[in-house]
Novice: 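Right, I'll just put the structure down here and ask away after.
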Amino acid sequence: MSAQLPPRTSPRRPLPARRTAPSTRSALAGRTALAGAAAALALTLAACGSPAGKAADGDGHSGHSHASATPAASGGAHAGHGMPGTAPATTPGAPAVGAGLASEQNGYRLAPASDTLPAGAPAEYRFTITGPDGGPVTAFAVEQTKRLHFYAIRADLTGFQHLHPEMAADGGWTAPLAALAPGSWRVYASFTPDSGPGKGTGLVLSRPVTVPGTAGTAPAATATGTGTGTGTASVDGYTVTVDGAPTAGAAAELKVTVRKDGAPVTDLEPYLESYAHLTAFHVGDQAFAHLHPETRAEGAGGGPTLPFHAELPAAGDWQLFLQFRTAGTLHTAAVTLRVAG
C-alpha cells in the first residue's frame, strides 16, 4: 500500500473541534479497532506467506512442507546430508513437520515399486526419486562418500539397516535388504539434489512398508544411563556412551565414547569420512534425524571420544544407532537417549 500524504497545511485559523456524543465516540472507536485488527492480520499473513509445498506422509495424508536443513544450517564438512528441519515441535513430544516422515516434500517424491516386502528372506526394495517436474532425479550430490543413504527400521525400532544402493541409468534405485521380520516397517531415503530447484538442499523422504506375517514383540526402548542426555550400550565387546544435554529444536553437541574391556578405543577406522556414523529415530513415531560428525577421519587411529552436532526436533526418547569400524568390521550399537522439551 502506498504511503498516505500528510494533509496540506492552511494559513486559516482552525475551526473549533466539533463535539461528538459519547455513543458516537464509542461506535467510532469500535470501528477503528476492528480496522486496525484487520490490517494487522493482513500484514501478518503477508509476512508469513504460503508454504513452498505440501508434505504427504506415506499413508497419503498431507500437511505443510518443512524443508530439511540447508548446508549453511547444518555446519561442518558434512553439511547438507539429509538432516531434517529442526523447528520446535508444536506439541510436547511431537516432532516437527518434515522430520523424515513425508514421502513427498518440496516437489520431490519417494516412489516405490511396492509397499510390501516378503518376510524371512533377503529382498530388494526398488524405488525412484521424482522431482518437481514429475520425472526421475538422476543428479545427486555426494554426501559422506555416497549419493543416497537408505535406511530401514521396524515400528518397534528393531532391525535397523543402513544401505547405500546403486542408481541405474534411468534413475531407478535398488536397495538390497537383509531378511525382514514380519511387521510394520518404514524406509528412508536421505539425499541432496545436485540440480533443479532443490539443488543443495538435504531431504529425507520415507514410506511405510508392510512385511506380512505374525509380528513378534520387542521391549520398548527406554533411556539408559544416569539421567537425561546420557545413554550407554554394548555391542561386540565394545561399550558405547553418549553424553550431552540435548533440547528439542535446539543445536547441541553430543560426545560419543567407545571403550573395550574398560579401556579407551583408539583404533577406530574411517567410515563414511568420519570415525562413526550416528542416526536417530524418535520412539513412537519413527521421526528421523541424522547427527553430523564434527571431525573428519584422517586415517586409522580415531577415538575414543567423538563429537557430533545434534539437532533433534522433538522431546522424549530417541533411539540412536552408532556405526563404527575396527579391524575391518562394522559394528552397530543401539543407544537410547532422552531429549528434554
Side-chain angles (χ1 to χ4, degrees), residues 76-78 81-82 120-125 142-154 156-166 173-181 185 187-190 218-219 221 224-225 230-244 254-281 288-310 318-337:
H78 307 287
H81 170 60
E124 293 183 338
Y125 185 83
V142 174
E143 300 292 347
Q144 289 192 275
T145 75
K146 305 297 179 182
R147 291 188 294 173
L148 186 143
H149 294 253
F150 184 89
Y151 305 87
I153 196 164
R154 209 170 72 154
D156 59 2
L157 303 187
T158 61
F160 170 79
Q161 296 187 44
H162 175 194
L163 307 174
H164 306 110
E166 294 295 328
W173 297 83
T174 301
L177 292 165
L180 305 176
W185 289 71
V187 296
Y188 306 75
S190 175
T224 58
T230 301
T232 60
S234 297
V235 60
D236 303 332
Y238 294 88
T239 299
V240 172
T241 302
V242 180
D243 289 303
L254 297 180
K255 290 187 177 180
V256 175
T257 303
V258 184
R259 295 182 175 87
K260 187 172 185 180
D261 299 327
V265 172
T266 57
D267 61 348
L268 298 177
E269 298 173 345
Y271 175 63
L272 301 176
E273 293 184 340
S274 63
Y275 290 115
H277 185 275
L278 195 56
T279 313
F281 299 87
F288 175 96
H290 174 254
L291 284 64
H292 298 259
E294 294 184 350
T295 57
R296 280 182 178 270
E298 301 292 344
T305 300
L306 309 172
F308 282 84
H309 175 86
W318 286 77
Q319 187 85 317
L320 276 58
F321 291 91
L322 180 77
Q323 296 179 282
F324 60 96
R325 191 193 304 275
T326 59
T329 299
L330 183 65
H331 312 278
T332 302
V335 181
T336 309
L337 187 72

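Starting from 1, each residue takes its place in the sequence as its number. For the numbers below, each heavy atom of this structure counts, side chains included, while hydrogens, waters and symmetry mates do not.
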Novice: With His162, which of Leu272, Leu330, Thr332 fulfils side-chain contact (heavy atoms from CB on, under 4.5 Å)?
Specialist: Leu272
Novice: Which value, rounded to the nearest 0.5 Å, describes the distance between Glu124 atom CD and Thr174 atom OG1?
Specialist: 5.5 Å
Novice: State the OG-CZ distance between Ser190 and Arg147, to the nearest 0.5 angstrom.
Specialist: 14.5 Å
Novice: Pick one: which of Thr305, Thr241, Asp243, Thr239 meets side-chain hydrogen bond (donor to acceptor under 3.5 Å, both in side chains) with Thr257?
Specialist: Thr305
Novice: Measure across Gly237 and Lys260 and return the closest heavy-atom pair with its distance rounded to 0.1 Å.
Specialist: O-CG, 3.4 Å
Novice: The test is side chain to side chain donor-acceptor pair (under 3.5 Å); show your working for Glu143 and His290 and say whether it passes.
Specialist: CA-CA 12 Å; Glu143 300 292 347; His290 174 254; over 6 Å; no
Novice: Checking Tyr188 side chain against His149 main chain: does a donor-acceptor pair fall under 3.5 Å?
Specialist: no
Novice: I'd like to know whether Phe288 forms a ring-ring contact (aromatic ring centres under 6.0 Å, His included) with Phe281, so could you lay out the CA-CA distance, the side-chain angles of the two residues, the decisive distance to 0.1 Å, and finally the verdict.
Specialist: CA-CA 5 Å; Phe288 175 96; Phe281 299 87; 5.6 Å; yes
Novice: Which atom pair, heavy atoms only, marks the closest approach of Thr232 to Val335?
Specialist: N-CG1, 3.7 Å
Novice: With no hydrogens and no angle check, is any side-chain donor or acceptor of Asp156 less than 3.5 Å from a backbone partner on Thr158?
Specialist: yes
Novice: Any chance the side chains of Glu273 and Thr145 put a donor and an acceptor closer than 3.5 Å?
Specialist: no
Novice: If you compare all heavy atoms of Pro270 against all heavy atoms of Arg325, which two are closest, and at what distance to 0.1 Å?
Specialist: O-NE, 3.6 Å
Novice: From Tyr271 OH over to His277 NE2, what is the distance, rounded to the nearest 0.5 angstrom?
Specialist: 6.5 Å
Novice: Ignoring hydrogens and angles, state whether a donor on the side chain of His331 or Thr326 is under 3.5 Å from an acceptor on the partner side chain.
Specialist: yes
Novice: Would you say the side chain of Thr295 lies within less than 4.5 Å of the side chain of Pro307, judging by non-hydrogen atoms?
Specialist: yes
Novice: Of the options Leu322, Leu254, Val256, which is the one that meets Leu291 in a side-chain contact (heavy atoms from CB on, under 4.5 Å)?
Specialist: Leu254
Novice: Nearest 0.5 Å, please: how far is CG in Leu268 from CZ in Phe324?
Specialist: 7.0 Å
Novice: Using 0.5 Å steps for rounding, measure from the CG atom of Leu163 to the CZ atom of Phe150.
Specialist: 6.5 Å
Novice: Mind listing the closest non-hydrogen atom pair of Glu269 and Gly328 along with its distance?
Specialist: OE1-N, 3.0 Å
Novice: Could you please spell out the steps behind the side chain to side chain contact (heavy atoms under 4.5 Å, CB included) verdict for Ser274 and Gln144?
Specialist: CA-CA 8 Å; Ser274 63; Gln144 289 192 275; 3.9 Å; yes
Novice: Is a donor on one side and an acceptor on the other found under 3.5 Å between the side chain of Gln161 and the backbone of Leu177?
Specialist: no
Novice: Heavy atoms only: give me the nearest Ala289-Trp318 pair and the separation to one decimal.
Specialist: CB-CZ3, 4.0 Å
Novice: Which atom names give the shortest non-hydrogen contact between Leu148 and Trp173, and what distance separates them?
Specialist: CB-CH2, 3.7 Å
Novice: Hey, could you give me the CG/NE2 distance between Leu278 and His309, rounded to the nearest 0.5 Å?
Specialist: 12.5 Å
Novice: Is there side-chain contact between Ile153 and Phe321, with heavy atoms separated by less than 4.5 Å?
Specialist: yes
